Amino acid sequence: MNVLNFIRKKFFSSPIDAFLTLSIGYLIYLTIPPLINWTLIDATFSGNTKKDCVAGGACWVFVKMWFNRFLYGLYPNEEIWRINLAFSILIISIVVYRFLNPKFKRYLFIFLVLPFPILSLMIFSGGFLGLAPVDTREWGGLFLTLVISIFAIIFCFPLGILLAMGRRSNLPVIKYFSIGFIEFWRGVPLITVLFMAGVMFPLLLPSGTNLDKLVRVIIAITLFEAAYMAEVIRGGLQAVGRGQYDASKAIGMGYWKSHIFIVLPQALKLVIPGIANTFIALFKDTPLVFVVGLLEILGMVNLAKTNPYWLGMATEGYVFVAFVYWIFCFAMSRYSLSIEEKLKTTN
Amino acid sequence: MGNIIQLNSVNKWFGDFHVLKDINFEVSEKEKVVICGPSGSGKSTLIRCINRLEEHQKGEIIVDGMALDENTKNISAIRSEVGMVFQQFNLFPHLSILENCTLAQIWVKKKTKKESETLAMDYLKKVQIEDQALKFPGQLSGGQQQRAAIARALCMEPKIMLFDEPTSALDPEMIKEVLDVMVDLAKGGMTMCVVTHEMGFAKEVADRVVFMDEGNIVEAKKTNDFFQNPENERTKLFLSQIL
């Protein structure tokens, strides 16, 4: 009886409620069962070729056969262990991080943010200690997605902080440079920025000099996202009361000390949701690197679906990519929430 | 004995608004001066000029023999000798009370963590909140926060303490605990400059009382004189309203 009462109260309390409940129920009935049928019940999981998919549902054989390509792009199979090694270290470090005492946490954090990414890049590129060189043109798939977004995130965050502080500076040169920088990068579409970085920029360089295309792309995305980051952080800086500036000045702290110890910790805490938002947007912007011929995970799917043996597999590919993107974005979102929760102090 | 704070015909404008009009003001060492006056009279601005939280546009301000001007190095030297307590406490909400007190010792005075914590605990004991040291400001009452803010300022071992309406944001029952701490501090021989409406406090500890109105120092006298023989009509009116 209780259950019936609950249902009546929550779902049928008025004619409008009843109507909404019924129509939404009908919508769910229309969409969910076919979706489950397609992805699971009628789907084919075993087999090696498209011909094995006869059940009428999703042909996951396509994803299975192309799995390594979607993950690693055209990276040579016998060298894939390098990528696995670096990302295993990353994942293990993140897990171990939770259990360390604050002092080691700081060391591990610094290691993860600076030496580790550079070390990983060297391992990925090879060319030393008997590691075969792998050209960045062969990098791709989810691996490339992660390389681009991790580097862009690491660089755009401090740059965004500096730009936000610059925009609030009293020094006209710094202030107007920051404003100009932010407004320029926010005003142009990312796809044109990438095109410029990939295609136009080398033409402007003196002949003979060569900056790797991947590096140019990472720099472009970093500058682009730093402008957004700056505005998010500026919002936080503005929310920190004048009294905090006064108090930190009054105990003898100068501009940098006040910002590092007093203002930024409070400002950044306030804008964690905005920062997470920018990082997620950055992550989802990475497929645009196709304009300069780099194929991250979505690019690899686009490549695979045009393979003559696998025509007509676009839906499976896109569903798979959507699922992978969703996992990462959802993880970032939850992680930002957990940081917010952890930093909560009673004010 | 020379004056530790000396203001010579100081003028300040906020835009078109003339906040400080030709102010001459001095505080000698160990002297306690109370500044009172109606709101908007420029008294807060005056003491904020002394550690250059506000910049004056004309005249000179000399604190402990150092002139306040565009020279940045000078300013941080002066600020490390002048402690300030604010109406809104302005504790750092993301740091514990102890960290509030040690931060500047460590990063400005370059002391070790241990030294600065010992000193901080000494001052927290003096203001009687040593048992709150590990809490965050948001967990303390207004009176406790203000006492913590006083301890934070004292941790820099200043020669001068400035108080900008330290009890105005407090519930009545908490005013006394803060004033008690300030009275103790005064008896300990600190040079103090206090903007306040607490005339009881002024009578108890002040050597001199300064009355300001509309950016002018209207009257400045020894405490007894000030309360018993106010000369200016404006002062008399103010005193009749506040006492």
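Chain naming here is simple, since letters A, B, ... match the order of the sequence lines and numbering starts at 1 in each. Both backbone and side-chain heavy atoms feed into the values below; hydrogens, waters and symmetry mates do not. These numbers come from a predicted model, not from an experiment.
When each of B/Val85, B/Leu103, B/Asn51 is scored by its heavy-atom pairs under 4.5 Å with chain A, the top score falls to B/Leu103. Across B/Val82, B/Asn90, B/Ile78, B/Leu95, the residue that shares the most heavy-atom pairs under 4.5 angstrom with chain A is B/Asn90.
A pairwise comparison of heavy atoms in A/Gly252 and B/Val108 identifies O-CG2, 3.5 Å as the closest pair. Closest of all the heavy-atom pairs between B/Phe92 and A/Gln244 is CD2-OE1, 3.1 Å. Closest heavy-atom contact between A/Asp246 and B/Leu53: O-CD2, 3.8 Å. Shortest non-hydrogen contact noted between A/Ala250 and B/Phe86 is CB-CZ, 3.9 Å.
The part of B/Leu91 that comes within reach of chain A is its backbone (N, CA, C, O), which places non-hydrogen atoms under 4.5 angstrom from that chain. For A/Lys249, the parts lying under 4.5 angstrom from a heavy atom of chain B are both the backbone and the side chain. The part of B/Arg48 that comes within reach of chain A is its side chain, from C-beta onward, which places non-hydrogen atoms under 4.5 angstrom from that chain.
Residue-environment remark: NZ (A/Lys105) exceeds the threshold of 12 foreign heavy atoms within 6.0 Å. No more than 12 heavy atoms of other residues, nucleotides or ligands sit less than 6.0 Å from atom CZ of A/Arg334. Remark: B/Lys111 NZ is packed, more than 12 non-hydrogen atoms of other residues, nucleotides or ligands lying under 6.0 Å away. Atom CZ of A/Phe109 is surrounded by 12 or fewer heavy atoms from other residues, nucleotides or ligands within 6.0 Å. More than 12 heavy atoms of other residues, nucleotides or ligands shown are found within 6.0 angstrom of CG on A/Asn101. Heavy-atom contacts from other residues, nucleotides or ligands closer than 6.0 Å to CZ of A/Phe111 number more than 12.
A/Ile251 places none of its side-chain heavy atoms less than 4.5 Å from the side chain of B/Arg79.
Atom CD in B/Glu99 sits 11.5 Å away from atom CZ in A/Phe261 (nearest 0.5 Å). Here A/Ile262 contributes atom CD1 and B/His94 contributes atom NE2; the two are 4.5 Å apart, rounded to the nearest 0.5 Å.
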